[in-house]
Protein chains: 2
Amino acid sequence: MDRVILVKLSTKGRYGLRAMVDLAVHSGGGHVALYSIAERENISENYLEQVFSTLRKAGLVKSVKGAQGGYTLADKPSNITVGAILRVLEGNLSVVDEDSEASGIGENSIQHCIKVAVWDRMTESLNKLVDSMTLEDLANEYRRMNGKANLMYYI
Amino acid sequence: MDRVILVKLSTKGRYGLRAMVDLAVHSGGGHVALYSIAERENISENYLEQVFSTLRKAGLVKSVKGAQGGYTLADKPSNITVGAILRVLEGNLSVVDEDSEASGIGENSIQHCIKVAVWDRMTESLNKLVDSMTLEDLANEYRRMNGKANLMYYI
DNA sequence: TCCATTCCAAGTAATCCTATATGATTAATT
DNA sequence: AATTAATCATATAGGATTACTTGGAATGGA
């Protein structure tokens, strides 16, 4: 994946983040079958497959094939940030002016000025935010909202 | 314009902001013809027309038709924020999960949790940032980068 | 009147998004 | 070994969006 543009959140990013939180909440140490996530979150299973294919290749989830197989998080929820997930599914989380990335744009142009003063600051602000949130935070928040005990994770 | 989704910056937003800064920098009180902006900023004039049509209808620029006509900012640069420009051209600057806007999504769902914890925070962060920057800031920054005296304020 | 300029309405080609569908592969269970 | 539950890999198609282009009408200054 080579995109650097983004910042529109497509269903890939939104579904993917939801599915990852679902996984964090519902995996009791074992594997979770895709269809169960798709069912709970009301997302097309076929489509989710593609999302998970991307997540797996990026090393964010691990899979086990065959009967009783499924997916698990590849790391502790506290080590997986929202930013990492979005970046994998949406491309680099940056507000870039493509044209000013192209070589040859003068350092003195208005374009460059806007890039530095606006786009780059937006990019930094967004990245700081999403990198500060982990799946653990979201799973805890979800449990809190539902008044459920905060189960400890398997080591 | 009814969009609420966004956060992808299209050329409308990028060209429009550039053109507005150009206008702030190059209008010496008079009107500026579109073709001159298009030329300086290397943007298709025909396309810029559409952008300015939107800006005009939103009251951010004023136009004068006929020979020697052109555009001017509708207000002082210090009163026009980057946020206002982007909002007009791109729609509301928010990271919304369309599906969770649809009625009927449970308050307890993971979806809702993500909306509150992630999308809404991103939205707030972005809006605070773009609303804190004005055309005056950008014009000054541009002049500073080019080592030019800041005519409006230092003379 | 001529011409520069804004204004307006459509059309369009390309790209991206969002799925859906199909079939292959893998591995646990029976 | 056969069955079954699951992932894995592509292909494709409709729709939406983007980024323009085209053609002309209206306006007003010289």
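A, B, ... follow the sequence lines: proteins, then strands. Residue 1 opens every chain.
To the nearest angstrom, C1' of C/dC8 lies 14 Å from CG of B/L34. The nearest whole Å value for the distance from the NZ atom in A/K12 to the P atom in C/dT18 is 8 Å. Rounded to an integer number of Å, the gap from CZ of B/R14 to C1' of D/dA19 is 10 Å. Protein atom NE2 of B/H31 is 12 Å distant from nucleotide atom P of D/dG28, rounded to whole Å. Per the geometry, CG belonging to A/L48 stands 14 Å off C1' belonging to D/dA6, to the nearest Å.
A/I80 pairs with exactly one of A/L23, A/D75, A/V61 by the side-chain contact (heavy atoms from CB on, under 4.5 Å) rule, that one being A/D75. The side-chain contact (heavy atoms from CB on, under 4.5 Å) with A/L135 is formed by just one residue from the set A/I85, A/N79, A/V82, A/T81; it is A/I85.
Of the residues in residues 35-46 of chain A, those with a non-hydrogen atom less than 4.0 angstrom from any atom of DNA chain C are A/S44, A/N46.
The listed nucleotides are D/dC20, C/dA19, C/dC7; the one nearest the side chain of B/T11 is D/dC20. Of all nucleotides listed (D/dA19, C/dC7, D/dA11), C/dC7 comes nearest to the side chain of B/Y71. In the set C/dT18, D/dC20, C/dC7, the nucleotide with an atom closest to the side chain of A/Y47 is C/dT18.
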Scan nucleotides 13-15 of chain D against the protein and return all N/O pairs shorter than 3.5 Å with their distances rounded to 0.1 Å.
none

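Here the side chain of B/E90 pairs a donor or acceptor atom with the backbone of B/G13 at under 3.5 angstrom. A donor-acceptor pair under 3.5 Å is absent between the side-chain atoms of A/S125 and the main chain of A/R121, judged by distance alone.
More than 12 heavy atoms of other shown residues, nucleotides or ligands fall within 6.0 angstrom of atom CD in A/E45.
Relative orientation of the A/Y15 and A/Y47 rings is perpendicular, given thresholds of 30° and 60° on the angle between their planes.
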Criterion side chain to side chain donor-acceptor pair (under 3.5 Å) on B/R143 and B/N140, from CA distance to verdict: CA-CA 5 Å; B/R143 294 194 191 96; B/N140 284 343; 3.1 Å; yes

Residue pair A/Q68, A/H31: steps toward the side chain to side chain contact (heavy atoms under 4.5 Å, CB included) verdict: CA-CA 8 Å; A/Q68 313 307 319; A/H31 298 93; over 6 Å; no

Side chain to side chain contact (heavy atoms under 4.5 Å, CB included) between A/V88 and A/L60, intermediate numbers included: CA-CA 9 Å; A/V88 159; A/L60 292 178; 3.9 Å; yes

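Counting any heavy atom pair closer than 4.0 Å across all strands shown, A/K57 reaches sugar-phosphate atoms only and no base atom.
Note on B/E141 versus B/R144: salt bridge recorded, some NZ/NE/NH1/NH2 to OD/OE distance being below 4.0 Å. A salt bridge links A/D131 to A/R87: one of the charged nitrogens lies within less than 4.0 Å of a carboxylate oxygen.
In terms of heavy atoms, A/G16 sits closest to A/L89 at CA-CD1, 3.6 Å.
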Contact state string [nucleotides 24-30 of chain C, B base, S sugar-phosphate only, - no protein heavy atom under 4.0 Å]: -BBBS--

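One finds a side-chain N or O of A/Y15 lying less than 4.0 angstrom from the OP1 or OP2 phosphate oxygen of C/dA19. Within the structure, every side-chain polar atom (N or O) of B/R56 is placed at least 4.0 Å from both OP1 and OP2 of C/dT6.
At a cut-off of 3.5 angstrom, counting only N and O atoms as typed in the model, there is no donor on one side facing an acceptor on the other between the side-chain of B/E49 and the base of D/dT21.
Where A/S63 and A/Q50 meet DNA chain D, the nucleotide closest to each residue was compared, and A/S63 sits on the side nearer the 5' end.
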